[in-house]
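Only one structure is covered here, and it is reproduced in the block below.
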Amino acid sequence: MDSFVIAYIDSRMKQMGHTHYTIEPYLAVLEDGVTEYNLNCFNEVLFLNSKELALGTEMIADNNYFKVEDYYSYMELTKVQEFTGFLTINVPAVNHLQIFEFIRVIPLT
């Protein structure tokens, strides 16, 4: 994982009041023809870390709405979107497997 992304995540977790947490990769895989994927990410935070996503993809969570526009490939650190709660991923009908790369952060009590 990129050190800038890890530093950003550490900063965000501290802002949320979490000093102890675990980090692990998480992949959401949408098979060909699947256009919606739901995730329960309560008591954890998912940070989007995908390099490429299909144009028009929408991600809706309790704390964030993000839509992939044509300039997504030019975004740098702002690609790292934060999601928590109930997350729904809607993708346009594409003819290939879709893989969403997240960094899952679970606060420790």
Side-chain angles (χ1 to χ4, degrees):
M1 287 183 243
D2 188 283
S3 60
F4 290 113
V5 173
I6 297 302
Y8 173 76
I9 290 172
D10 184 57
S11 173
R12 283 294 300 136
M13 294 308 289
K14 286 178 182 173
Q15 288 174 355
M16 289 185 255
H18 303 293
T19 55
H20 302 295
Y21 52 85
T22 61
I23 294 179
E24 59 188 43
Y26 181 85
L27 295 178
V29 180
L30 281 75
E31 299 292 333
D32 182 23
V34 175
T35 59
E36 183 172 299
Y37 190 87
N38 295 304
L39 281 160
N40 288 320
C41 46
F42 295 95
N43 302 318
E44 63 187 46
V45 183
L46 293 178
F47 291 90
L48 180 65
N49 196 38
S50 294
K51 303 296 182 222
E52 294 182 23
L53 293 174
L55 181 64
T57 297
E58 292 181 302
M59 305 177 82
I60 306 149
D62 291 351
N63 72 323
N64 194 2
Y65 170 82
F66 181 70
K67 184 173 182 180
V68 177
E69 303 288 350
D70 58 354
Y71 52 82
Y72 182 78
S73 63
Y74 300 105
M75 296 170 68
E76 293 298 328
L77 191 56
T78 54
K79 282 183 182 178
V80 182
Q81 295 290 313
E82 175 183 318
F83 302 98
T84 190
F86 188 77
L87 171 62
T88 299
I89 301 171
N90 293 305
V91 297
V94 292
N95 296 328
H96 57 83
L97 183 78
Q98 294 284 300
I99 299 175
F100 293 83
E101 300 173 51
F102 293 97
I103 298 171
R104 172 188 258 160
V105 182
I106 304 169
L108 303 173
T109 54

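Distance check: E44 CD to L39 CG gives 8.5 Å after rounding to the nearest 0.5 Å. Rounding to the nearest 0.5 angstrom, the gap separating the CD atom in E82 from the CD1 atom in I103 is 12.0 Å. We find the CZ-CG distance between F86 and D62 to be 8.5 Å, quoted to the nearest 0.5 Å. Once rounded to the nearest 0.5 Å, the distance linking OG1 of T57 with CZ of F66 reads 9.5 Å. Note: L27 CG to E101 CD = 6.0 Å, rounded to the nearest 0.5 Å.
Counted by atom type alone, N63 and T84 present zero donor-acceptor pairs between their side chains at under 3.5 Å. Side-chain polar atoms of Y37 and N90 form no donor-acceptor pair below 3.5 angstrom. Side-chain contact check for N64 and Q81: at least one donor-acceptor pair (N or O, by modelled atom type) lies under 3.5 Å.
Aromatic ring pairs are classed by plane angle as parallel below 30°, tilted from 30° to 60° and perpendicular above 60°; the pair Y26 and F102 is tilted.
When all heavy atoms of V91 and V34 are compared, the pair lying nearest together is CG2-O, 3.5 Å. Here the closest heavy-atom approach between residue P92 and residue G56 is recorded as CD-C, 4.0 Å.
When side chains are defined from C-beta on, L87 counts as touching I89, because their heavy atoms get closer than 4.5 Å. Between Y21 and D10, some side-chain heavy-atom pair lies under the 4.5 Å cut-off. Within the 4.5 Å cutoff, the side chain of F83 has heavy atoms near those of the M59 side chain. The shortest distance between side-chain heavy atoms of H96 and D32 does not fall below 4.5 Å. With contacts defined as side-chain heavy-atom distances shorter than 4.5 Å, the pair R104/I106 qualifies. Put simply, the side chain of N49 reaches to within 4.5 Å of the side chain of V5, judged on heavy atoms. Between Q98 and E52 the shortest side-chain heavy-atom distance does not fall below 4.5 Å. A heavy-atom distance below 4.5 Å is found between the side chains of V105 and F47.
Atom NE2 of H20 has 12 or fewer heavy atoms from other residues, nucleotides or ligands within 6.0 Å. Applying the 6.0 Å contact sphere to CG of N43 captures no more than 12 heavy atoms from other residues, nucleotides or ligands.
I60 and L53 fall into different hydrophobic clusters, where Ile, Leu, Val, Met, Phe, Trp and Tyr residues are linked whenever their side-chain heavy atoms come under 4.5 Å apart, directly or through other members. F100 is not connected to L97 by any chain of hydrophobic side-chain contacts under 4.5 Å among Ile, Leu, Val, Met, Phe, Trp and Tyr, and they are in different clusters. L30 and I99 fall into different hydrophobic clusters, where Ile, Leu, Val, Met, Phe, Trp and Tyr residues are linked whenever their side-chain heavy atoms come under 4.5 Å apart, directly or through other members.
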